[in-house]
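Because only heavy atoms are used, hydrogens play no part in the values below, and waters and symmetry mates are left out as well, while side chains stay in.
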Amino acid sequence: MCDSNLLSTINAEEILEEEYPEVDVLISDCLSYCGLCAIKPYALVNNKRVFGHSAEEALEKIRKQIDEELAAFA
């Protein structure tokens, strides 16, 4: 998740770390997707871009992607 990302408005790092203690959540100054963070809230989940029209929608999609990733290891 990029520092200037719109997703940071809901403290997604803390929310995800609480919900998924087995997952590392990292904040980065820049993810090199210039301009995307100013347009839509997004994150990378195992190098896959996940984004939504709002921070809440993005967070839900991130949760879904994390669940899919964890299911692959179960």
Exercise for the section: May I ask you to test the Glu57-Glu60 pair for a side-chain heavy-atom distance under 4.5 Å? Expected result: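 A side-chain contact under 4.5 Å is absent here.
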Completion exercise
CG of Leu59 to CD of Glu56, rounded to nearest 0.5 Å, is 8.0 Å
Problem - Gap between atom CG of Leu44 and atom CG of Leu26 - 0.5 Å precision - result: 10.5 Å
Completion exercise
side chain to side chain contact (heavy atoms under 4.5 Å, CB included) with Tyr20: of Ile15, Leu70, Ile62, only one passes, and it is Leu70
Handout entry: Gln65 and its side chain to side chain contact (heavy atoms under 4.5 Å, CB included) partner, picked from Glu69, Arg63, Lys61
Key = Glu69
Problem - Closest approach of Ala55 to Thr9 (non-hydrogen atoms, all atoms of both residues) - result: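 So the minimum-distance heavy-atom pair works out to CB-OG1, 3.9 Å.
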Completion exercise
On a heavy-atom basis, the closest approach of Gly52 and Lys40 is O-CB, 3.6 Å
Problem - Considering all heavy atoms, the nearest Ala58-Pro41 contact - result: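 Taking every non-hydrogen atom into account, CB-O, 3.6 Å.
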Practice task
For a side chain to side chain contact (heavy atoms under 4.5 Å, CB included) with Leu16, tell me which candidate from Ile66, Val23, Asn11 qualifies.
Solution key: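 Per the side chain to side chain contact (heavy atoms under 4.5 Å, CB included) rule, the option paired with Leu16 is Ile66, out of Ile66, Val23, Asn11.
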Problem - Atom pair CD (Glu13) and CD (Glu18), whose distance is rounded to the nearest 0.5 Å - result: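 Between atom CD of Glu13 and atom CD of Glu18 there are 12.5 Å.
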Practice task
Give a yes or no on whether Glu22 atom CD has more than 12 heavy-atom contacts from other residues, nucleotides or ligands under 6.0 Å away.
Solution key: yes
